[in-house]
Number of protein chains: 2
Amino acid sequence: MPTIREVAAHAGVSPATVSRVMKGEVPVSADTRARVEVAISAMGYAPNAFARSLASNRLEGVGLVISHLAGPFMGRVMMTLEATLRRANVSLLVASGGGEAAREQEAVNFLLGRRCDGLIVHADALSDETLTALATTTPLVVFNRRVPDIDAHCISLDNEYGGYLATRHLLDQGHQSIACLTGPLRQQDAAERLAGYQRALHERGIPVDEQAIIEGDFTEQGGEQGMMTLLAREMAVTAVVAGNDDMALGAMTILRARGVAVPRAMSLVGYDNEACARHVVPALTTVHAPLEEMAQAAAERLLKLIAGASLPASTPFMPTLIERETVGPWRT
Amino acid sequence: MPTIREVAAHAGVSPATVSRVMKGEVPVSADTRARVEVAISAMGYAPNAFARSLASNRLEGVGLVISHLAGPFMGRVMMTLEATLRRANVSLLVASGGGEAAREQEAVNFLLGRRCDGLIVHADALSDETLTALATTTPLVVFNRRVPDIDAHCISLDNEYGGYLATRHLLDQGHQSIACLTGPLRQQDAAERLAGYQRALHERGIPVDEQAIIEGDFTEQGGEQGMMTLLAREMAVTAVVAGNDDMALGAMTILRARGVAVPRAMSLVGYDNEACARHVVPALTTVHAPLEEMAQAAAERLLKLIAGASLPASTPFMPTLIERETVGPWRT
DNA sequence: GGCGTCCATGAAACCGGTTTCATGATGGCG
DNA sequence: CGCCATCATGAAACCGGTTTCATGGACGCC
């Protein structure tokens with residue numbers, strides 16, 4: 001693999017000139033440029049990324065910190081991130097932190113030690129303060145979360161609206177008594193979805209019954225537990241909005257076991273539009289997040305941030321309702 | 001951020017000595033080492049990864065080439081890969097190539113240009129020859145595929161055995177006429193699964209009926225197509241082994257639409273044990289691949305290869321059968 | 001006690017780019 | 001025609017480690 005000095009010798013110019021040609025910015029006369037370009041392609045020259053990074057102190061790569069790599073949509077997100085970044089010739093380094101704050105912090109440090117040009121963080125466990133501090137140090141985009149003081153760094157989903165959408169859909173079908181199986185309420189997304197649920201009820205003048213709100217943990221077991229608790233309370237509930245699809249799936253398992261027909265006796269709405277949602281029987285009505293667009297926006301925003309731009313806050317992305325088979329009309 | 005020379009000055013030694021202490025191998029007297037270590041921690045010294053890579057010509061990072069990042073199990077695989085590599089302080093660079101040979105080759109080049117210490121390749125489109133050549137150039141592990149000339153570089157699944165397992169299970173339940181909805185047979189895994197199916201039939205002296213073998217493409221639509229074709233042939237088939245879970249799901253959709261009860265009128269076995277498999281109704285009986293163990297083995301093997309070890313061929317991993325509800329007994 | 005060997009250490013070259021600064025050529029303008 | 005501004009270019013320093021090679025001291029052995 002030839003070095004820049006060999007190329008320079010071959011083209012009869014200095015290494016500095018070759019470097020200038022490679023970057024294409026600084027003024028170089030047309031014929032010198034041509035001569036160098038010929039030498040470059042003749043010798044198959046590709047600059048050494050290390051030397052370049054050392055001299056310029058930039059990696060030309062960004063880090064991705066992820067809580068749950070194995071989560072149901074990380075694949076879709078990463079796919080788009082990677083494609084968008086690679087188009088800009090920026091590589092993607094991945095570190096995961098299994099949802100524990102300490103390990104997530106460690107992942108951040110690991111990537112920072114690699115002198116990433118920027119970071120995309122998709123993590124629950126890191127605190128708002130940590131992220132705010134990080135944003136002052138390094139180009140940062142926070143994925144699927146809003147951190148108040150650094151709006152411009154956040155790519156988020158309007159979870160409140162999603163919760164509202166799901167609930168309103170049930171109300172529109174005539175349901176009056178609707179329960180909510182939430183995720184862990186210390187997590188922002190779970191709390192927001194619940195808020196949307198409450199807003200929809202208020203809007204129709206239906207009082208929120210605390211007994212109908214059950215906090216879970218976004219897992220399938222949590223959904224089962226929650227549904228069992230709900231049934232045990234023997235309320236007149238005719239529909240449930242679940243914190244996410246996993247919980248909805250768990251709930252469906254219990255309903256099936258107890259012989260409660262979905263959607264005839266009980267309607268159900270999920271959230272996330274996982275791959276499974278389409279396949280269950282009956283197919284799950286759910287709220288869809290435009291993950292690909294969000295991922296692309298995240299990558300583009302980070303690239304701009306790295307380039308030194310100062311951006312306005314991004315508007316949250318809007319979820320949409322996917323109607324399938326788990327919601328039916330209710331006539332009192 | 002202090003440099004090695006500052007640390008050296010602080011400890012009253014030369015940069016070379018600090019470097020030696022950092023690596024911990026070369027002989028350094030105990031008290032010098034102690035003095036340097038004090039200086040290091042006092043100043044919070046962390047070596048610059050670029051400079052280190054430039055001088056040693058090693059990235060301390062490996063590349064991962066993936067066909068389909070969004071595939072159903074890449075999350076599980078990446079999770080384990082990343083964790084294993086990070087334990088060795090090696091970072092993970094990701095590039096994807098959407099299943100097209102050209103883009104996969106480009107992804108390889110991209111990572112090679114980053115001077116990765118090694119590559120993990122999980123790709124269908126790259127040819128055996130390309131991979132064999134690559135293996136001579138750079139430490140390489142091929143995931144979920146066997147390339148004849150570089151056995152020692154492959155972490156594979158015994159797909160033939162998986163196909164055999166699925167088929168034998170159906171035979172054990174009394175089925176005599178079993179169809180096979182395969183993946184694209186130019187793909188190794190699909191062909192092997194089919195071979196396993198055939199072996200199981202031969203073992204019981206049942207002739208293989210070419211009419212009962214339908215080539216698909218590992219997609220859900222392919223499964224639907226295949227099942228429609230099969231039904232149109234009006235054969236006396238009582239069970240189907242599908243190339244993967246997606247195809248099985250597609251097949252189930254058609255069966256449900258046509259009112260064919262699973263498993264009473266038709267048994268079905270999938271392959272891969274995707275998340276969905278557990279949730280469909282009836283829950284899908286399928287073949288499970290130990291992906292986490294495979295991923296860990298891949299990472300460990302690559303690290304050894306990078307360290308210069310020359311390894312024996314790895315034995316293929318064995319899939320297991322997960323019995324759920326889509327297989328029932330058949331009495332003639 | 002003298003010589004040879006080994007070992008810890010330091011000086012300096014090196015990895016391969018980028019960037020600053022100096023220089024020489026060119027051209028515009030009075 | 002001469003002077004100054006402009007611009008392309010090259011020389012060399014620099015980024016921050018690693019590694020080779022030389023050196024000096026300690027120790028063992030005859």
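Each chain gets a letter, A, B and so on, in the order its sequence line appears, and its residues count up from 1. Keep in mind the model is a prediction, meaning the values are calculated, not measured.
- Legend: residues meeting salt bridge (Lys or Arg N to Asp or Glu O under 4.0 Å) with B:R86, ordered by chain and number and at least two apart, are A:E106, B:E82.
- Atoms CZ and CZ, from B:R35 and B:R33 in turn, are 12.5 Å apart once rounded to the nearest 0.5 Å.
- The pair A:D128-A:R145 counts as a salt bridge, with a side-chain nitrogen and a carboxylate oxygen less than 4.0 angstrom apart.
- Atoms CD1 (B:I4) and C1' (D:dG16) sit 8 Å apart, rounded to a whole Å.
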Sequence neighbours left out, cut at 3.5 Å: what donor-acceptor pairs do the side chains of residues 50-59 of chain B make with other protein atoms?
unit_1 : atom_1 : unit_2 : atom_2 : d
B:S53  : OG     : B:A49  : O      : 2.9
B:S53  : OG     : B:R58  : O      : 2.9
B:S56  : OG     : B:R52  : O      : 2.6
B:R58  : NH2    : B:E60  : OE2    : 2.8

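- Taking five base pairs at each end of the helix from C:dG1-D:dC30 to C:dG30-D:dC1, the local helix axes there meet at an angle of 40°, rounded to 10°.
- In this structure, A:R58 places its CZ atom 13 Å from C1' of C:dG17, rounding to the nearest Å.
- Listed by first and then second residue, the salt bridge (charged side-chain N to carboxylate O under 4.0 Å, His left out) pairs involving residues 300-309 of chain A amount to none (not counting sequence neighbours).
- Every residue two or more places apart in sequence or in another chain was checked for a ring-ring contact (aromatic ring centres under 6.0 Å, His included) with B:H153, and none qualifies.
- A:D158 and A:R146 are not joined by a salt bridge, as no carboxylate oxygen comes within less than 4.0 angstrom of a charged side-chain nitrogen.
- Distances shown here put every side-chain N or O of B:K23 at or beyond 4.0 Å from the OP1 or OP2 atom of D:dG17.
- Not a single donor-acceptor pair under 3.5 Å links the side chain of B:S96 to the backbone N or O of A:M79.
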Margin query: Within the 4.0 Å limit for protein heavy atoms, which parts of nucleotides 4-15 of chain D are touched? Write it as a string from 5' to 3', B for base, S for sugar-phosphate only, - for none.
Written below: ----SBBB---B

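- D:dG17 atom P lies 16 Å from atom CG of B:L59, rounded to whole Å.
- Put simply, CE on B:M22 is 15 Å from P on D:dG16, counting in whole angstrom units.
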